[in-house]
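Notes for the one structure printed next.
Computed over heavy atoms, backbone and side chain alike; hydrogens, waters and symmetry mates excluded.
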Amino acid sequence: MSRTVLITGASAGIGAALARTYAAEGWNLILTARREAPLQALADELTAAHGVTATVIPEDLSDPEAPERLVAAIAARGLTIDGLVNNAGFSRVTGFLDTDLSAHRAMIQVMLTAPVELSRLLLPDMIQRGFGRVLNVASLAGQMPATGGDTLYGPIKSFLIKASQGLHLETQGTGVHVTVLNPGYTLTEFHDVNGSREQVSSAYPAWMWMDAARVARIGYDACEANRPSVTPGVMNNVMAGLARFLPDGLALRMVANHAERLDRI
């Protein structure tokens with residue numbers, strides 16, 4: 001029986017890697033992001049490689065009406081959603097006060113509100129059918145102390161982690177799996193968009209970085225196994241574990257010292 005997964009932010013990076021992973025497992029795809037051209041190129045690639053159906057529906061999730069509009073567009077095509085991957089996201093590293101309010105609003109809408117709304121819109125039918133998968137892409141940043149500069153990113157991801165864990169508990173025994181994926185250092189187009197590629201690539205050794213395809217596979221397997229949360233990479237798990245036990249004052253000083261080192265690079 002063929003299944004269909006909706007992947008947000010699928011045009012590049014971890015989103016595109018997740019699309020390739022689901023297609024390799026035989027899932028049909030609904031791909032959404034703002035840019036239609038890269039979505040269509042990816043859809044054509046995956047249809048040719050795996051024989052799956054890949055539907056492209058461009059949408060801007062920073063628009064508050066986008067989640068309902070997207071679900072309506074899917075229904076109008078007669079498609080049923082068996083899986084949801086909330087991956088769309090971006091960051092701003094220019095500082096809270098040096099970032100326009102519109103950008104803050106868009107971050108909250110895309111990475112916090114849209115995943116909540118899409119989950120609420122799609123989960124009831126999954127539960128009724130007795131099958132569903134929800135994979136929320138958060139970040140190691142959501143498990144770490146707060147940082148300055150990219151002030152909202154970590155707190156938003158922390159919210160997504162906690163909300164995903166709650167949904168995981170609520171859906172137990174329904175046939176629906178809810179998992180949150182917490183990637184650490186994964187060098188993708190994301191760093192080009194926020195202008196930090198040169199800075200981060202020179203700040204950390206190569207062995208700390210993970211390949212997007214590997215991160216996607218870990219996330220997929222964890223969701224299929226109905227794990228509540230997964231953080232790819234041994235070092236990332238060590239860092240997340242340490243962060244849970246460090247006193248706030250010490251943790252914040254360590255983060256501040258690290259930020260100062262990045263600024264000098």
Which other residues belong to the hydrophobic cluster containing Val180, where Ile, Leu, Val, Met, Phe, Trp and Tyr are joined when side-chain heavy atoms lie under 4.5 Å apart, directly or via other members?
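Members other than Val180 - counting any ILVMFWY side chain reachable under 4.5 Å - are Ile161.
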- [ ] Could you point out which residue of Asn136, Val85, Val215 forms a side chain to side chain contact (heavy atoms under 4.5 Å, CB included) with Leu181?
- [x]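 The option that passes is Val215.
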Within the structure provided, determine whether [X] and [Y] are in side-chain contact (heavy-atom separation under 4.5 Å).
{"X": "Arg133", "Y": "Leu84", "answer": "no"}
{"X": "Ile74", "Y": "Leu6", "answer": "yes"}
{"X": "Leu46", "Y": "Leu29", "answer": "yes"}
{"X": "Ile14", "Y": "Pro183", "answer": "yes"}

Above 12 or not: heavy atoms from other molecules or residues under 6.0 Å from CD of Gln172?
->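 Correct, the count exceeds 12.
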Between Glu59 and Arg69, does any side-chain N to carboxylate O distance fall below 4.0 Å? yes
* Could you walk me through whether Asp60 and Ser62 pass the side chain to side chain donor-acceptor pair (under 3.5 Å) test, one step at a time? => CA-CA 5 Å; Asp60 183 357; Ser62 67; 2.7 Å; yes
Closest heavy-atom contact between [X] and [Y]?
{"X": "Ala33", "Y": "Leu39", "result": "N-CD1, 3.4 Å"}
{"X": "Phe96", "Y": "His104", "result": "O-NE2, 2.9 Å"}
{"X": "Thr32", "Y": "Pro58", "result": "OG1-C, 4.0 Å"}

As a quick check of understanding, evaluate side chain to side chain donor-acceptor pair (under 3.5 Å) for Gln143 and Ser158, giving each step before the final call. CA-CA 6 Å; Gln143 301 171 292; Ser158 182; over 6 Å; no
- Query: Would a hydrophobic clustering, with Ile, Leu, Val, Met, Phe, Trp and Tyr connected at side-chain separations under 4.5 Å, put Val134 with Leu167?
  - Reply: yes
Using the rule that two of Ile, Leu, Val, Met, Phe, Trp, Tyr join whenever any of their side-chain heavy atoms come within less than 4.5 Å, decide whether Val56 and Val71 are in one cluster.
no
Output a table of donor-acceptor pairs, distance under 3.5 Å, between side-chain atoms of residues 17-24 and any protein atom two or more places apart or on a different chain; print 'none' if there are none.
residue: Arg20; atom: NE; partner: Glu45; partner atom: OE2; Å: 2.8
residue: Arg20; atom: NH2; partner: Glu45; partner atom: OE1; Å: 3.1
residue: Thr21; atom: OG1; partner: Ala17; partner atom: O; Å: 3.0

Take Thr55 and Leu79, measure what side-chain contact (heavy atoms from CB on, under 4.5 Å) needs, and give me the verdict at the end.
CA-CA 10 Å; Thr55 302; Leu79 301 173; 4.0 Å; yes
Main-chain N/O of [Y] paired to [X] side chain as donor or acceptor, under 3.5 Å:
{"X": "Lys157", "Y": "Val137", "value": "yes"}
{"X": "Thr174", "Y": "Thr171", "value": "yes"}
{"X": "His168", "Y": "Val178", "value": "yes"}
{"X": "Thr4", "Y": "Asp82", "value": "no"}

| message | Walk me through whether Asn87 and Thr8 qualify under side chain to side chain donor-acceptor pair (under 3.5 Å). | response | CA-CA 5 Å; Asn87 168 78; Thr8 72; 5.5 Å; no
Check: Is a side-chain donor-acceptor pair under 3.5 Å present for Ser139 with Asn182?
Finding: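 Short answer, no.
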By ring-ring contact (aromatic ring centres under 6.0 Å, His included), Phe131 pairs with (sequence neighbours left out) none
Can you tell me how far the [atom1] atom of [X] sits from the [atom2] atom of [Y], to the nearest 0.5 Å?
{"X": "Phe159", "Y": "Leu152", "atom1": "CZ", "atom2": "CG", "answer": "13.5 Å"}
{"X": "His177", "Y": "Asn226", "atom1": "NE2", "atom2": "CG", "answer": "4.0 Å"}
{"X": "Glu36", "Y": "Ser11", "atom1": "CD", "atom2": "OG", "answer": "12.0 Å"}

Ala222 meets the side-chain contact (heavy atoms from CB on, under 4.5 Å) criterion, sequence neighbours left out, with Thr179, Arg227, Val230
Report task. List the steps, then state whether side-chain contact (heavy atoms from CB on, under 4.5 Å) holds for Leu42 with Leu31. Result -> CA-CA 9 Å; Leu42 179 62; Leu31 307 176; 4.1 Å; yes
| message | Between Ile57 and Ile30, is the side-chain contact (heavy atoms from CB on, under 4.5 Å) condition met? List the steps. | response | CA-CA 7 Å; Ile57 306 179; Ile30 300 174; 3.9 Å; yes
Which donor-acceptor pairs under 3.5 Å do side chains of residues 108-129 form with protein atoms, sequence neighbours excluded?
residue: Ser119; atom: OG; partner: Pro115; partner atom: O; Å: 2.8
residue: Arg129; atom: NH2; partner: Ile81; partner atom: O; Å: 2.6

Hits for salt bridge (Lys or Arg N to Asp or Glu O under 4.0 Å) against Arg217, two or more places apart or cross-chain, chain-then-number order -> Glu25, Asp221
